[in-house]
Amino acid sequence: MSGGCSIRAIWILNSLDSVVFSRRFPVVEKRWQAACKSENENASEESFSYAVYSLLPADSELASAFVERKQREGSARGFGIRVSQSSKGSDSWVDDPITRHIVGLYINKEEEGENNLLWPLILHIKGNYFIIVLPLVEPRYLKAYTRLCKRSDCGNAIGADDSLSSLLLDLPSITGAFMVAHAIGDIISADVAEPEVVVSASPSVGGLLDSLTGSIGISGISSRAKPVAAPVASSVPSNTAVAGAVAADAPKIGSRPLDKDALRTFISSSMPFGTPLDLSHSNIFTIKVNGFSSSDLPPPDLKQPAWKPYLYKGKQRMLFTVHETIHAAMYDRDEIPDNISVSGQINCRAELEGLPDVSFPLTGLNTAHVEGLSFHPCAQVPEHRADKQAVMFSPPLGNFVLMRYQATCSLGPPIKGFYQLSMVSEDKGAFLFKLHLMEGYKAPLTMEFCTVSMPFPRRRVVSFDGIPSIGTVSTTEHSVEWKIVTSGRGLSGRSIEATFPGTVKFAPWQTQRLPSSRSGFGIIADEDSDVETENCNNVVNIEEFLMDKMSNDLPPADLEEPFCWQAYEYAKVGASPF
Amino acid sequence: MTDIPPAAFKPVSPQDWETLIDDFQYGGLRRHKWTTLSPVLLDLALSSILKRDFPLKLHLLLFLEEFSDSFLLEPISLDRLLDSLRLVIQSPADGFHITLPLKDQFLVSTTSIFISLDVFNKFDIRYAESLVELLLIIVNRPNHGPDRQTRAVACECLRELERFYPCLLSDIAGHLWSLCQNERTHASQSYILLFTLVIHNIVALESNVSVLNTSVPLVPFNVPQSLLAGGSSNSTNTCLNYKELRRAMAFLLESPQVLTPCGMVEFMAMITPVAISLELQPSMLKVQFFGMVYSYNPILCHVVLMLYLRFMDAFDGQESEIARRLMLMSREAQHYLVFRLLALHWLMGFNELISSREVKKKKAMAVEMRLSFYPRVFDPLALKALKLDLLAFCSICIESLKSESASDAGKSVDKLFGDGLVSVSAFKWLPPGSTETAVAFRAFREFLIGGSSHSATDPSTIRTLLESTIFNTLQQYGRWSQYAYGGAFGGKGMTEDLGIVSKGYGPTILKWQEDGIFPLVQTDIGQIWKICLYVLVKMRTYFNQAQSALGGVALKYEMVSVEDVRNINCLADLLSYKVASLPMKYLGLLLGASFKAKNIWDGVVEKIEKSLAGWKRLYLSKGGRITLIKGTPSNLPIAKLRDL
């Protein structure tokens with residue numbers, strides 16, 4: 001019965017690398033052992049050397065294997081792609097970024113010799129915790145992976161047999177284990193993954209950046225729209241009948257210390273035998289707290305879905321909000337078009353009695369701009385998606401994301417402009433901001449606040465000089481904050497231009513010698529820089545010199561980042577809502 | 001309490017139990033010290049759980065479940081376990097001492113212990129029968145309100161038992177079906193999954209039972225004779241009752257609306273083999289489930305992919321739609337990064353799969369999609385790396401299509417490569433240790449060797465490589481070679497070999513090569529081949545440059561195979577090398593000869609004598625002479641090497 005998803009064990013480690021929580025599923029383990037037994041019996045001579053390690057490690061063994069991998073792979077996640085420190089048999093030898101998420105550990109490395117690889121371990125990092133989930137896969141996949149991370153070639157090869165890609169395609173249990181790991185992560189951090197609950201109070205992260213060289217000017221603006229006043233989200237059991245007066249009945253789970261009872265409850269209910277059945281926290285905790293009374297009658301003619309354990313009773317209404325994140329790369333150059341894309345979602349809350357089907361019209365949708373739509377599992381999308389006029393769905397309880405869309409932007413971003421910073425001396429930079437706010441946006445769209453922050457993660461700000469055309473400025477140790485529009489004085493129905501020229505003085509530059517994780521590279525200093533000087537005629541020599549000096553000890557960016565932020569001077573813009 | 005508890009120590013208080021559980025989970029010696037307790041552990045735990053005010057009931061049950069293998073189970077303990085279970089189940093839930101979650105967990109843990117310890121086969125069958133009977137009694141109350149969650153849990157327990165002892169419940173399948181039809185609360189998922197598994201096992205074991213027949217009563221439950229006989233009753237299994245099973249399937253296929261995504265995964269895993277065995281129309285499944293590919297839930301997309309893998313013919317013509325969806329999933333910024341990476345991996349695995357079926361089709365598809373593979377500005381670097389892999393894959397497709405249709409595809413390979421690299425072009429000015437550099441060079445390599453056949457037996461490989469468009473494009477990338485030494489090529493094998501060729505430019509290399517030796521062909525031919533190929537190609541470039549720098553002076557190189565290399569002449573020809581054989585002179589020594597042979601050292605002795613002749617021996621004291629004699633011979637080769 002391949003194709004299912006079962007979990008052999010779950011561990012949670014803290015930042016000190018000790019196991020703080022573990023859960024094993026002996027029933028799944030029994031299946032694994034049976035599979036190993038038959039695999040080893042069928043194994044031919046040639047593959048016998050890859051006999052699989054068939055025991056589940058104790059917490060202490062797992063923790064030490066985790067530490068060992070961390071040392072071997074440079075960090076908890078690992079290198080991801082093969083570098084010169086990668087050793088044969090380790091994850092980065094496989095040369096694929098996904099090995100930062102699907103890891104292998106060698107248990108009791110000294111004693112056991114060859115057959116002690118534990119794979120696939122799903123690694124999810126949440127807060128200070130490392131969540132490790134081990135799904136059940138057939139032993140032959142483990143063998144295939146062992147071969148992959150020990151083959152003596154020069155790295156990932158496209159189209160090779162038994163590639164990591166074909167393994168991942170064959171293994172829904174890995175995908176399922178990621179869902180489990182993320183659900184557990186949400187419980188640890190106590191952020192219930194319901195869309196409207198999280199109203200981001202702090203300005204969201206985005207970047208308006210400009211490279212130091214002046215040759216590459218990538219800039220980005222992202223803004224996050226806060227949903228319109230939606231009631232506090234929670235799943236509604238039927239007894240809270242008063243519309244609007246919804247109590248947050250999903251128990252609040254403190255993130256520290258680890259709420260082991262909540263974890264145990266969640267795991268026991270969501271996957272009693274290690275096979276996940278339902279990963280919705282709100283359903284599980286509501287059932288645990290409220291249970292069912294004999295007045296909770298099932299619908300007379302329909303089957304009540306497993307994802308909707310309670311039926312709503314009370315005043316009927318539906319709420320929708322739209323939440324969009326705009327990624328903008330603005331080059332401020334004629335020959336390079338700006339790149340603006342929108343990731344959006346429509347959140348919904350349907351307080352409807354019974355089990356109704358709801359039709360959501362898509363007639364206003366500008367299909368030319370929308371790259372693709374994807375829907376909540378409750379939506380019934382026909383096989384051919386022939387009908388693009390409407391989508392039919394049967395809403396679950398509480399708040400949910402009805403659909404997500406990726407689109408290009410017909411309108412410019414709500415904040416548009418450029419930012420330049422040039423170093424006039426080693427410790428002094430002159431900068432200029434020129435921004436247009438809400439250009440092309442008409443009432444009733446309102447910008448309630450807009451903050452621009454210039455982070456200087458590697459320099460300490462001593463002082464700054466300059467007055468913006470609008471708004472107020474403050475500094476922190478490593479940033480300059482410019483509040484253009486403050487809450488309560490929203491910008492509605494008109495566009496404004498904001499400029500901010502100034503200078504900022506830093507503490508003397510200190511060469512940050514990072515522990516040379518990539519030692520042994522004979523780096524030859526750049527001699528001919530024809531590539532990047534192309535467009536820097538306006539850049540004085542000192543700046544070039546400074547740039548070289550600074551960029552030479554830039555730490556490598558994480559593979560999770562789009563680029564090395566620190567190599568650019570960038571600003572972050574937070575604006576919302578409108 | 002000392003580290004090693006006295007033999008008579010028995011955990012009573014919650015704190016004692018917590019210590020014990022921690023020790024068990026920690027493993028090693030800490031667990032070992034409790035060994036003396038194992039015969040009575042279960043009994044002790046049960047009596048604690050049954051205490052009214054004991055606070056760790058659930059925790060202790062989980063402990064019993066996880067470490068059941070460490071008990072020495074006696075029949076009397078089994079009786080005790082079952083009695084305790086009955087007691088808890090039958091007591092009304094008061095919300096404090098006996099809660100519904102406790103009941104649920106007790107059911108799960110007991111079932112789990114029964115399965116782990118194989119109570120069915122190792123103990124009297126009546127234990128197993130009474131557990132199943134208890135579960136069936138709970139299950140047999142469809143639509144009963146307050147205990148619906150417990151009924152769902154009991155279904156899960158039965159499903160787990162049926163999974164380990166296939167056809168355990170097949171005799172009562174008729175009852176289960178009607179329960180399944182009647183249940184309308186949210187517990188219906190568990191009823192459906194249980195019934196699906198029973199059907200699955202009937203089909204898998206080709207058991208000749210009627211799923212409509214309800215003549216065997218639900219309770220009292222008796223384990224079927226076929227199971228007791230140890231599965232040797234194959235002769236009685238004639239054929240499946242297809243008509244009835246198809247009816248059951250038709251019923252099951254109506255139900256997916258009520259399943260959670262996780263439930264759907266389980267359901268599909270069971271239903272697919274049944275559909276194959278019963279020879280159902282795959283299009284039925286397609287109509288019912290293909291829509292899930294439009295869900296943003298990754299696991300549902302994966303379910304559709306699994307369905308595709310099983311019924312490729314039925315999905316014929318839908319490959320590009322699936323590929324498009326996967327690409328879109330990788331773009332959804334709302335997803336966790338890992339799901340975006342997974343989507344790309346599925347796409348790659350999917351491409352490989354189609355390619356094994358219809359080569360041309362997939363190539364055309366990949367080429368068609370190439371525009372969507374370009375990394376975007378705000379894609380995380382990990383995603384960029386995988387998208388560049390896909391582009392490299394496209395370039396292979398284009399190259400091979402080019403050879404078939406002689407179009408101007410070559411140009412678009414250049415473009416593909418150049419445009420793809422824009423996303424990490426910062427590597428040109430970032431320090432060589434940057435991640436952008438690593439990603440860019442990984443892509444260089446993919447583009448370069450991706451098209452080669454990766455096999456040592458194909459002599460055309462190198463020629464193809466040298467003539468490939470990508471290679472020519474790469475040569476135009478100017479300064480990039482400098483970074484090769486930065487280790488960005490990933491992998492020791494690669495950097496070590498490259499280190500040789502990229503230590504310097506032009507004359508330096510040539511000088512080094514004059515009587516240098518390089519690992520042209522290593523012993524582990526099959527896999528090292530790619531590296532060698534790469535090194536070869538690199539060398540060729542450098543030599544070409546160097547030769548022109550030196551004014552066209554032709555240089556001669558020799559290559560020596562250490563092992564048997566099939567195509568060495570072909571290689572030598574390509575690179576304008578001479579094939580030489582061992583032993584050869586290297587650093588003044590005969591390489592390849594036995595180091596025990598006395599005469600091979602003659603040359604060395606001669607050289608050192610010559611070096612020493614110049615010294616004015618008379619000026620040295622006796623001690624000085626000894627020092628010189630001791631020190632010089634060991635240093636001479638090093639001094640010599642330094643000149644190289």
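Labels below follow one simple rule: chain letters A, B, ... track the order of the sequence lines, proteins then strands, and each chain is numbered from 1.
- Formation of a donor-acceptor pair under 3.5 Å by the A/E560 side chain with backbone atoms of B/P380 is not found in this model.
- Between A/H101 and B/Y336, the gap from one ring centroid to the other reaches at least 6.0 Å.
- Closest heavy-atom contact between A/K288 and B/P101: CG-CG, 3.9 Å.
- Side-chain atoms of B/T435 never come within 3.5 Å of backbone atoms of A/D558 as a donor-acceptor pair (strictly under, hydrogens ignored).
- Rounded to the nearest 0.5 angstrom, B/L344 CG and A/L168 CG are separated by 11.5 Å.
- Scored by the side-chain contact (heavy atoms from CB on, under 4.5 Å) test, A/S165 finds A/S163, B/H345, B/M348, B/E352 as partners (sequence neighbours excluded).
- Contact detail for A/Q380 and B/Q257: the closest heavy-atom pair is CG-NE2, 3.9 Å.
- Taking a 6.0 Å sphere around NZ of A/K308, one finds it holds more than 12 heavy atoms contributed by other residues, nucleotides or ligands.
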Evaluate A/E371 against B/R376 for salt bridge (Lys or Arg N to Asp or Glu O under 4.0 Å), listing each step before the verdict.
CA-CA 14 Å; A/E371 275 183 339; B/R376 301 183 164 195; 2.7 Å; yes
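- Between the side chains of A/S343 and B/Q334, not a single donor N or O lies within less than 3.5 Å of an accepting N or O.
- Contact check for A/Q345 versus B/Y296: no side-chain heavy atoms found under the 4.5 Å cut-off.
- Remark: side-chain polar atoms of B/H302 are paired, donor with acceptor, to backbone N or O of A/L169 under 3.5 angstrom.
- Using a cutoff of 4.0 Å between basic side-chain nitrogens and carboxylate oxygens, A/R404 and B/E332 are scored as salt-bridged.
- A heavy-atom distance below 4.5 Å is found between the side chains of B/F339 and A/H182.
- Minimum interatomic distance between A/L277 and B/Q189 (heavy atoms only, all atoms of both residues): O-NE2, 3.4 Å.
- For the pair B/K384 and A/E561, the salt-bridge criterion is not met [side-chain N within less than 4.0 Å of a carboxylate O].
- Salt bridge annotation for B/E66-A/R264: absent, with no cationic side-chain nitrogen under 4.0 angstrom from a carboxylate oxygen.
- Side-chain atoms of A/K303 never come within 3.5 Å of backbone atoms of B/S188 as a donor-acceptor pair (strictly under, hydrogens ignored).
- Counting heavy atoms from C-beta outward, B/L62 and A/S268 have side chains that approach closer than 4.5 Å.
- B/F164 touches chain A through its side chain: at least one heavy atom from C-beta onward sits under 4.5 Å away, while N, CA, C and O do not.
- Distance alone, capped at 3.5 Å, places no donor-acceptor pair between the A/T175 side chain and the B/I299 backbone.
- Of the listed residues (B/S423, B/S112, B/G27, B/G28), the greatest number of heavy-atom pairs within a distance under 4.5 Å of chain A belongs to B/S112.
- In this structure the side chain of A/S166 never reaches within 4.5 angstrom of the side chain of B/F350, judged on heavy atoms.
- Using a 4.5 Å cut-off between heavy atoms, A/A379 makes no contact with chain B at all.
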